[in-house]
> 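Following this message is one structure expressed as structure tokens.
We count residues from 1, following the sequence as given.
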Amino acid sequence: MEEKYTNEDFLSRWLAGELTEEELEGFRTSDVYRQLMAIDQEAKKLSGPEIDVEKALAMVTAKNQQATKEPKVKRLWWIPAAAASIALLFAGYTYFFGNVTYSTGIGEKESVLLADGSMIELNANSTLSYKRFGWEEDRAVNFDGEAFFDIRSGNDFKVKVRQGTVSVLGTRFNLKNRKDLKIQCYEGTVVFAPLNSQLEPTKLSQGMELDFRNNLIHTHNFTEQTPDWKNGFSRFSEQPFSEVLEELSVQFPVTFEANSIQTDRLFTGQFTHQNLENALKTTMEPMGLKYHISADKRIVTLSE
């Protein structure tokens with residue numbers, strides 16, 4: 001039902017005063033009408049040049065009277081005006097009700113301060129988005145990648161990921177949402193509700209972490225005070241070497257040619273984010289692997 005109210009033809013008829021009483025009554029009860037009126041009120045607060053409406057109308061009328069087919073000419077000058085009005089309305093709609101998005105590239109990090117004082121620190125290759133306005137009423141973000149969340153107390157704060165929703169009131173936690181999902185709670189309480197309705201929500205308290213992979217949830221304890229990536233390194237404990245290669249590609253602008261090696265072997269160790277050569281040495285040598293970096297430093301070829 002709401003979709004028809006955003007149709008350009010419908011809005012053109014509304015601007016021209018051509019809607020039936022029934023259509024107008026329904027439109028006035030819609031969210032689209034309420035939002036457009038909010039945009040109109042905000043637009044009236046903006047300063048701009050004064051326009052002599054009567055003079056402008058007289059000039060347009062005079063030009064129309066010079067045409068041989070007056071109805072057609074009227075329609076021609078009215079259409080651009082209506083189209084311009086609709087364009088302005090949708091531009092305002094997009095601004096006031098659109099999303100703010102932050103993204104980090106390979107090896108980049110960024111801190112985002114929200115309107116309520118909450119802080120989100122993005123690790124490399126991550127994306128965060130949320131509604132531009134109405135934050136106090138709807139504290140929700142869409143997220144992909146890895147970030148540390150320091151959330152101020154208030155209404156429920158929700159992080160929407162492809163596997164489900166993470167909900168908190170006020171807490172500090174790290175969320176890694178790449179191939180699999182990992183949550184570490186550093187303070188307060190975190191609840192993860194999977195999209196799969198057959199799985200029950202899982203509650204984490206301080207010092208607990210959750211791993212969600214292959215549609216299975218595993219929880220255990222951890223002792224670190226801050227996430228490793230905030231200290232400039234990545235650490236692994238008996239994890240498939242393929243995950244090490246993926247993390248290297250997040251922190252450094254390289255791709256790996258690893259067809260000749262087994263990437264399902266488990267790796268325990270760490271690498272720093274400051275230098276590619278050092279990172280390769282500390283990850284490849286313990287696995288007995290050789291590596292060759294291409295001349296343009298974009299491709300790393302691995303071999304036994």
Side-chain angles (χ1 to χ4, degrees), residues 2-3 6 31-32 34-35 93-106 108-206 208-219 222 227 229-230 243 246-247 250:
E2 290 282 324
E3 286 78 1
T6 60
D31 287 338
V32 175
R34 176 181 58 79
Q35 293 166 354
Y93 186 96
T94 300
Y95 177 77
F96 284 102
F97 302 100
N99 288 342
V100 178
T101 300
Y102 294 90
S103 296
T104 54
I106 294 173
E108 295 180 343
K109 296 175 177 61
E110 183 175 356
S111 296
V112 178
L113 180 63
L114 302 178
D116 61 0
S118 297
M119 178 72 76
I120 301 176
E121 299 176 67
L122 303 179
N123 194 1
N125 204 25
S126 301
T127 301
L128 172 79
S129 66
Y130 56 89
K131 291 181 180 179
R132 188 180 299 275
F133 295 108
W135 178 252
E136 295 298 333
E137 293 74 28
D138 184 17
R139 297 203 307 169
V141 301
N142 295 298
F143 181 71
D144 186 60
E146 183 171 17
F148 184 79
F149 294 76
D150 187 349
I151 305 304
R152 295 292 176 264
S153 297
N155 296 331
D156 278 356
F157 182 95
K158 296 181 179 180
V159 184
K160 298 177 181 178
V161 295
R162 64 180 179 277
Q163 299 95 334
T165 301
V166 180
S167 301
V168 302
L169 291 176
T171 186
R172 298 167 66 244
F173 64 97
N174 193 75
L175 173 59
K176 186 175 183 179
N177 174 38
R178 298 198 191 278
K179 181 180 179 181
D180 300 306
L181 179 70
K182 182 176 182 179
I183 307 169
Q184 292 178 305
C185 180
Y186 286 86
E187 181 182 296
T189 303
V190 175
V191 177
F192 171 61
L195 283 178
N196 186 343
S197 59
Q198 296 181 349
L199 298 176
E200 294 291 330
T202 301
K203 184 177 181 180
L204 303 177
S205 56
Q206 182 174 342
M208 292 182 63
E209 68 180 28
L210 173 149
D211 282 306
F212 184 41
R213 62 181 65 200
N214 299 324
N215 209 33
L216 296 174
I217 295 176
H218 301 279
T219 60
F222 69 96
W229 69 266
K230 290 187 64 179
E243 296 185 13
E246 289 174 5
E247 188 64 21
V250 167

> So, do F173 and V159 sit near enough that their side-chain heavy atoms are less than 4.5 Å apart?
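Heavy-atom side-chain distance check passes, below 4.5 Å.
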> V161 and F212: side chain to side chain contact (heavy atoms under 4.5 Å, CB included), yes or no, with the steps?
CA-CA 12 Å; V161 295; F212 184 41; over 6 Å; no
> Quick one: are the ring centres of Y186 and F149 less than 6.0 Å apart?
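That pair fails the under 6.0 Å test.
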> For Q163 versus F192, what's the shortest heavy-atom pair and its separation?
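Between these two residues, the closest heavy atoms are O-CZ, 3.9 Å.
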> S129 side chain to V100 main-chain N or O, any donor-acceptor pair under 3.5 Å?
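No.
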> Measure the shortest side-chain to side-chain distance between L122 and F143 over non-hydrogen atoms and say whether it is less than 4.5 angstrom.
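The answer is yes, as the side chains (C-beta and beyond) meet within the 4.5 Å cut-off.
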> In this structure, are over 12 heavy atoms from other groups packed under 6.0 Å from K109 atom NZ?
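Yes - once you tally the heavy atoms of other residues, nucleotides and ligands closer than 6.0 Å, there are more than 12.
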> After noting the C-alpha distance and the side-chain angles of L175 and L181, does the key distance pass the side chain to side chain contact (heavy atoms under 4.5 Å, CB included) rule?
CA-CA 8 Å; L175 173 59; L181 179 70; 3.3 Å; yes
> Do D211 and D180 come within less than 4.5 Å of each other through their side chains, counting heavy atoms only?
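They are not in side-chain contact.
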> Can you give me the closest heavy-atom contact between F148 and K230, atom names plus distance?
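The pair with the smallest heavy-atom distance is CD2-NZ, 3.8 Å.
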> What distance do I151 atom CD1 and D156 atom CG have between them, rounded to the nearest 0.5 Å?
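These two atoms lie 12.0 Å from each other.
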> Could you grab the distance from atom CG of L210 to atom CZ of R213, nearest 0.5 Å is fine?
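Reported value, rounded in 0.5 Å steps: 11.0 Å.
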> Answer yes or no: is there a donor N or O on one side and an acceptor on the other, between the side chain of N196 and the main chain of Q198, under 3.5 Å?
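At least one qualifying donor-acceptor pair exists.
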> How close do P201 and P194 get, heavy atom to heavy atom, and via which atoms?
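So the two residues come closest at CA-CD, 4.1 Å.
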> Closer than 3.5 angstrom, by distance alone: can the side chain of T104 be matched with the main-chain N or O of S126 as a donor-acceptor pair?
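Yes; judged by distance alone, with no hydrogens or angles, the pair exists.
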> What distance separates L128 CG from N142 CG, expressed to the nearest 0.5 Å?
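Separation between the atoms: 8.5 Å.
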> Whether the side chain of R139 engages the backbone of L169 through a donor-acceptor N/O pair (distance < 3.5 Å, no angle test) should be reported.
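Yes; judged by distance alone, with no hydrogens or angles, the pair exists.
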> Find the distance between CD (E247) and CG (N125) and round it off to the nearest 0.5 Å.
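If we round to the nearest 0.5 Å, E247:CD and N125:CG are 9.5 Å apart.
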> Show the nearest heavy-atom pair for residues K160 and A140, with the distance to one decimal.
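Minimum heavy-atom contact is CE-CB, 4.3 Å.
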> Just verifying a value: how many Å separate Q206 CD and T189 OG1, rounded to the nearest 0.5 Å?
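The OG1 atom of T189 is 9.5 Å from CD of Q206, to the nearest 0.5 Å.
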> Using a 4.5 Å cut-off on heavy atoms from C-beta on, say whether the side chain of N174 contacts that of E146.
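Heavy-atom side-chain distance check passes, below 4.5 Å.
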> Drop me the distance from D150's CG to E121's CD, to the nearest 0.5 angstrom.
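Between D150 CG and E121 CD, I get 8.0 Å after rounding to 0.5 Å.
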> So Y130 and Y102, would you call those rings parallel, tilted or perpendicular, with 30° and 60° as cut-offs?
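Y130 vs Y102 ring planes: parallel.
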> Say whether, by atom type as modelled, one donor and one acceptor occur between the side chain of T127 and the main chain of S103 under 3.5 angstrom.
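Not confirmed, T127 side chain does not pair with S103 backbone.
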